[in-house]
Protein chains: 2
Amino acid sequence: MRLEPQYKELLNSALELSGQRATKQREHIYALLLQKRNHPTAEEVYVRAKEDMPTISLATVYNCLETLAETKLIRQVNFEREPTRYCPNLTKHAHFYCRESGEIVDVDLSDELLDELMKVLPAGFTAKHIEISYDGACNDCHD
Amino acid sequence: MRLEPQYKELLNSALELSGQRATKQREHIYALLLQKRNHPTAEEVYVRAKEDMPTISLATVYNCLETLAETKLIRQVNFEREPTRYCPNLTKHAHFYCRESGEIVDVDLSDELLDELMKVLPAGFTAKHIEISYDGACNDCHD
DNA sequence: GCTGTAATTAGAATAATTCCAAATATAATT
DNA sequence: AATTATATTTGGAATTATTCTAATTACAGC
Ligand SMILES: [Mn+2]
Ligand SMILES: [Mn+2]
Ligand SMILES: [Zn+2]
Ligand SMILES: [Zn+2]
């Protein structure tokens, strides 16, 4: 697994900006999230990370994921009480969770729609963030 | 604490419909959620429940909350990795979480807005449910 | 090559929730 | 009203995802 130069640059500058070091582990985990964008859990990231880096620990996986999330290179995605998942797609998007197949897909959101969502807030309320998740059956799974 | 007749009726029919029994504990917890609608956690419900029913157990609180949620008398509300909260407001609404004060307020959603949100899904996708949560500063807390 | 700091590591600790098996409450039947 | 069958409650143990801790290792600047 190789981290493409553009992303390597992105990672390095994000880490430098926040005064953190570029490590093999951080790079590896970032690369693996970019390569297969299926919103894996920390445990799943751990399993995949060990393939090329057998000595990495689960604690490090959690640490790296947290660092990447803090520096806004990835996003955390939560569904109800399930384990947190991780997503390297930085565009504004919601998530669709197919309960049938377990698949999670990105749903692009326009600025207009997000604007409308902001407008329905009561006066004096300002939202830094909106989280939207859909729950249902995907294209492959409808009956 | 007294459960108003309209809600008592609602509770009884919902439980009957799902083949479950009406118990003191279920009624008590439902009443207390309706009375103070501040999206409490299970632990908070437990504390309040014990005021009038000192022998109730935490396991029962969880059981009752699950039963009420299953029968759609209440909703579960999740914010990231925080403990689940419970809401007896059955209208379609989102939640605004003020990180400053910790307050959680209901945000009404029009059918039109929900329609628009459905329309942005890829073809072939059907959502049973949309979950929307805002995160920011409320009216009292902006600087 | 040393030195100071940051990051990784293995394992222990934590927190929310669920599970379990025994006791109790409720509803149905006699 | 007593009997029976089933559902619910209960306290405590178990589980699960995540965080914490303290020791080791890696790294950047001198
Ligand atoms: Mn995503
Ligand atoms: Mn609510
Ligand atoms: Zn599907
Ligand atoms: Zn506030």
Both T60(B) and A42(A) contact DNA chain D. Taking the nearest nucleotide for each, which residue is further toward the 5' end?
T60(B)

Looking only at heavy atoms, what is the nearest atom pair of G124(B) and H142(A), with distance?
O-CD2, 3.6 Å

Nearest heavy-atom contact between L65(B) and I74(B) is O-CD1, 3.6 Å

Taking any heavy-atom pair under 4.0 Å as a contact, classify T41(B): base, sugar-phosphate, or nothing.
nothing

Considering all heavy atoms of both residues, which atom of N38(A) and which atom of R48(A) are nearest to each other, and what is their separation?
OD1-NH1, 3.6 Å

Which whole-number value in Å describes the distance from E66(A) CD to dA7(C) P?
12 Å

Indicate the atoms forming the closest heavy-atom contact of L11(B) with L68(B), along with that distance.
CD1-CD2, 3.8 Å

Thinking salt bridges, do E82(B) and R99(B) make one under a 4.0 Å N-O criterion?
yes

Does this structure show an ion pair linking R85(B) with E80(B), if we count only N-O contacts that are shorter than 4.0 Å?
no

Distance, rounded to the nearest Å, where L15(A) contributes CG and dA7(C) contributes C1':
12 Å

Just the endpoints, please: which first and last nucleotides of DNA chain D, 5' to 3', lie under 4.0 Å from a heavy atom of chain B?
dT6(D) to dT18(D)

Once you round to the nearest 0.5 Å, how far does CG of L33(B) lie from OH of Y86(B)?
9.5 Å

Here the pair of heavy atoms bringing F96(A) nearest to T126(B) is CZ-O, 3.6 Å

Within residues 74-86 of chain A, residues whose heavy atoms come under 4.0 Å of DNA chain D:
P83(A), T84(A)

Do Y134(B) and E131(A) have side-chain atoms, one donor and one acceptor, less than 3.5 Å apart?
no

Rounded to whole Å, the NZ-P distance (K50(A) to dT8(C)) equals 17 Å

Side-chain N or O of Y62(B) less than 4.0 angstrom from OP1 or OP2 on dT17(C)?
yes

Positions of residues 19-34 of chain A (non-hydrogen atom under 4.0 Å from DNA chain D), listed by number
R21(A), K24(A)

Could you tell me the separation between the CG atom of L58(A) and the C1' atom of dT8(C), rounded to a whole number of Å?
13 Å

Heavy atoms of other groups near E16(A) CD, more than 12 under 6.0 Å:
no

Nearest-Å distance for atom pair OH/P, residues Y46(B) and dT18(C):
16 Å

Modelled atom types, side-chain donor and acceptor of S18(B) and Q20(B), under 3.5 Å
yes

